[in-house]
**Student:** 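Let me begin by handing over the structure; questions about it come next.
Each ligand, and each atom within it, is numbered from 1 in the order the structure gives. Computed from a prediction, not measured in an experiment: that's the story for all the values here. Throughout, numbering of the chain's residues begins at 1 and tracks the sequence. Hydrogens, waters and symmetry mates play no part in the numbers below; they use all other heavy atoms, side chains included.
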Amino acid sequence: MFYFRTITVNPPLPERIERLRELSYNLWFSWNSQAWELYKGINPGLWERVNHNPVKFLLRVRREELERAAADKNYLKNYEAVMASYDRYMSGEKWYSQVHPRYKDKTIAYFSAEFGLHESCPIYSGGLGVLAGDHTKSASDLGLPFVGVGLLYRHGYFRQIINPDGYQENHYPDLNFNEMPITPEVGENGLDFTVSVELPGRTVYIKMWKAQVGLAKLILLDTDLPENMEEDRKITGQLYGGGREMRIAQEIVLGVGGVRALKALDITPAIWHINEGHSAFLTLERLREMVSNGVPAATAREAIRANTIFTTHTPVPAGHDVFDRHLAEIHLAELCHDTGMDCDTLLELGWDAEQNEFNMTVLAIRMAGFCNGVSILHGEVTRQMMHRFYPTIPVEEVPVTSVTNGVHTCSWIAEPWKNVFSKYLGEDWIEKVTDTAFWQRISEIPDQIIWDTHVQLKNQAIAYIRDRIQEKYRRNHETDAVITDAGEVLQPDALTIGFARRFATYKRAALIFSDPERLATILNDLERPVQIVFAGKAHPKDVAGQELIKKIIDYSHEEPFRGKILFLENYDINVARHLVHGVDVWMNTPRWPMEASGTSGMKAGMNGVLHCSVLDGWWPEAYNGQNGFAIGNPGDMQLNEHQQDRNDLYYLYKVLEEKVIPLYYERKNNIPVHWVARMRNSIRTIIPHFSTARMVMEYAERLYLPAIDRGIAFMESNYAAAEQTCRFKRFIQENWHHVRVEHTQSNGRWDMKAGEELVVESVVRLGPINPSEVAVEITLGNDKGPYISNLNTIVMELKEKLGEGSYRFAGKVPLSQGTYGYTVRVRPVHEYMTFKFEIPLVRWAENF
Ligand SMILES: *Cc1c(COP(=O)(O)O)cnc(C)c1O
């Protein structure tokens with residue numbers, strides 16, 4: 001190896017179209033199809049070959065081609081229109097500064113191990129990355145002062161190739177960063193900006209790159225620098241590659257390096273959003289920073305909690321990173337030293353005592369004042385999972401909320417639909433994405449238009465699939481006959497089901513094959529044929545997932561499935577786009593409740609592709625009986641794995657045979673009118689609620705703004721509020737053992753009348769704790785045998801001081817019909833607490 005520096009030399013762009021370069025470096029192009037057309041129009045073949053990467057396109061395109069475009073009136077007209085729309089976007093006032101002007105310069109830092117923005121930046125693996133990318137795009141649309149922080153993987157996530165034996169091969173591309181829509185961050189001297197982090201026995205240098213995503217900025221960290229040791233250059237080599245040691249090094253670069261990078265770039269975030277546990281080390285770096293500025297560690301911790309948000313994305317254990325003690329200890333040694341904490345105290349912050357390991361999710365939960373799951377159901381599941389860390393409080397009060405995921409509408413809605421919306425609903429439909437009432441107007445679009453638009457997209461998707469299959473066959477040296485045949489796979493008129501996602505076991509990709517004969521009958525019906533297109537990658541270490549892919553590929557080559565079951569290789573944003581635009585049904589069969597949210601069904605549903613899914617993740621929130629299909633009933637879910645597989649299989653075939661297929665083939669004047677009604681219903685209900693526009697507004701208003709306020713309040717007057725919170729917590733913890741509900745009496749009888757009041761009186765001993773520092777509550781809920789749920793709490797009033805730290809409290813509740821359990825409890829309260837159980841202590845009445 002030898003050292004070299006890189007320069008990039010572009011062809012000169014004709015003056016008339018010289019802003020094509022500027023445009024190529026703003027990922028705004030990725031969700032504006034007219035902007036794509038400016039490149040594609042010059043040389044469509046090249047545009048495909050460079051994988052829709054405009055930077056690479058401009059490096060390859062011939063000068064004459066550019067000149068020809070610059071002399072073409074039509075081209076120039078489109079060019080002017082796109083640039084005008086780009087300028088409007090970049091300078092126009094946005095929602096955030098209109099509605100929340102006070103916060104318009106309070107930077108939101110969003111850390112994520114992957115960002116899925118576009119196929120030209122393959123630094124994502126799946127749903128988590130695409131969500132982070134869509135979050136960033138909507139943050140830009142809404143005008144949030146937003147900066148993302150991620151890693152720039154030299155080899156990205158692998159490119160999947162299916163070899164002639166039907167096995168997945170993993171190819172790691174060697175990305176040339178100079179040909180991607182990103183730019184290096186350079187200092188005033190024109191040289192690369194670097195920061196560094198300490199790993200055991202060495203320092204690792206990190207270079208910063210910038211991706212511009214509309215108005216939002218994304219900082220990407222890169223350790224592939226000559227000043228680093230060979231091993232360390234690989235830290236930002238592969239996404240989710242390597243062993244535990246590599247993972248912890250990556251997470252230190254992301255978390256610790258990310259905080260330092262922002263500082264070097266003079267960016268001071270007002271809040272910090274940890275998107276999945278990978279980046280949770282950012283909290284420890286902030287701790288180190290504050291402690292080195294003289295803030296006591298415990299106070300610093302409160303200040304960090306005040307403006308840190310953590311989003312957890314999966315109940316699957318493999319999605320939560322854990323490290324053994326030794327690994328955590330040697331990697332955090334430097335931080336321990338700098339924070340003056342002993343290593344045990346620092347490790348304690350992320351320690352999972354039950355599993356005896358350091359857990360990034362636990363660290364994030366303990367260091368973030370605000371935590372959320374990604375659908376209502378996932379919020380519940382997460383509260384249950386986390387309950388073991390809050391054993392004293394009821395599971396429903398575990399301080400984890402939920403913000404349901406969404407997708408970036410403009411990135412995922414097909415161009416023909418955008419045109420239909422513009423024509424029938426008005427050009428400004430995109431500004432009304434979250435307006436539920438506005439989308440009622442979808443009924444104004446005639447059936448014929450809806451169906452024709454879909455058929456057009458379906459034909460495009462089929463053409464694309466055929467091309468891709470032929471490409472695979474050519475590469476695998478199949479015979480000409482096989483290749484020619486592949487040009488005719490899939491019948492355009494047959495009901496087409498899409499199933500594309502990571503091949504994680506819980507997603508049960510092969511569920512539909514459980515009864516191959518029945519499936520064969522369904523697919524081969526002469527009058528009502530059905531075909532299924534699969535796509536998806538299995539993690540390189542997931543042998544079971546790879547076997548599943550092989551199994552599906554084997555089926556696809558055998559009678560009676562040949563030509564009816566297809567597997568498309570290398571599922572990425574580009575493949576996803578074609579499939580969610582152009583199949584008829586989007587199928588999802590996760591094992592309940594493992595799908596935290598799922599987002600591909602939202603992409604499909606917005607395009608009128610009907611979602612057919614187990615009622616898991618986001619689907620129970622969206623499904624209304626008429627906007628797609630449900631596999632099974634919500635009540636059936638609490639079964640064991642085996643029962644669930646059997647049950648879901650039964651309902652899967654049933655819904656296909658009795659609902660999906662008949663509805664699709666029932667035609668009136670060649671239009672499946674009832675199907676079209678569902679398509680309309682799907683578009684109408686899914687666009688306004690499952691767009692990242694709604695999601696980011698919800699993050700902003702429910703989490704970001706309170707966290708910004710809290711962060712500011714906690715830092716003021718030299719961290720006075722943080723200090724006070726810290727003292728209060730310590731005082732409560734030390735004295736909570738005094739607290740007791742001594743005596744309770746009430747008018748409760750077993751046969752009360754609706755409208756009557758339940759009157760309760762308690763004597764509570766608090767010891768040295770002041771009555772203003774606690775809430776004494778009547779807690780009323782549904783009687784669930786050993787516990788009560790759906791809690792309703794009513795604060796009781798202080799009536800009398802009884803001396804010696806005892807007090808009399810009283811309260812009352814009007815009763816409505818039903819059976820209830822009730823009791824009395826005491827919990828600490830403080831003006832600075834945002835959540836009820838920020839201090840997870842409670843004392844329940846023992847008997848009364
Ligand atoms: C949307 C998307 C996903 C996530 O889809 P799920 O429904 O969560 O499985 C994964 N990969 C790609 C390429 C996507 O576009």
**Student:** Ring centres of Trp619 and Phe690 under 6.0 Å apart?
**Tutor:**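 No - the distance between ring centres of Trp619 and Phe690 does not fall below the 6.0 Å cut-off.
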**Student:** Does a side-chain N-to-carboxylate-O contact under 4.0 Å join Arg502 and Asp542?
**Tutor:** no
**Student:** Enumerate, one pair per line, all nitrogen or oxygen atoms of ligand 1 lying under 3.5 Å from a protein nitrogen or oxygen, stating the separation to 0.1 Å; write 'none' if no such pair exists.
**Tutor:**
{"unit_1": "ligand 1", "atom_1": "7 (O)", "unit_2": "Thr599", "atom_2": "N", "d": "3.2"}
{"unit_1": "ligand 1", "atom_1": "7 (O)", "unit_2": "Ser600", "atom_2": "N", "d": "2.8"}
{"unit_1": "ligand 1", "atom_1": "7 (O)", "unit_2": "Ser600", "atom_2": "OG", "d": "2.5"}
{"unit_1": "ligand 1", "atom_1": "8 (O)", "unit_2": "Thr599", "atom_2": "N", "d": "3.3"}
{"unit_1": "ligand 1", "atom_1": "9 (O)", "unit_2": "Lys507", "atom_2": "NZ", "d": "3.0"}
{"unit_1": "ligand 1", "atom_1": "15 (O)", "unit_2": "Lys603", "atom_2": "NZ", "d": "2.6"}

**Student:** In plain terms, say whether Asp572 and Arg159 are close enough for a salt bridge, that is, a side-chain N and a carboxylate O under 4.0 Å apart.
**Tutor:**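 Salt bridge: no.
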**Student:** Charged N to carboxylate O below 4.0 Å: is that the case for Arg468 and Glu569?
**Tutor:**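 Here Arg468 does not pair with Glu569 in a salt bridge, since their nearest N and O are not under 4.0 Å apart.
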**Student:** Strictly distance-based, threshold 3.5 Å: is any side-chain N or O of His378 a donor or acceptor partner for the main-chain N or O of Pro593?
**Tutor:** no
**Student:** Any donor-acceptor pair under 3.5 Å linking the side chain of Gln212 with the backbone of Ala216?
**Tutor:** yes
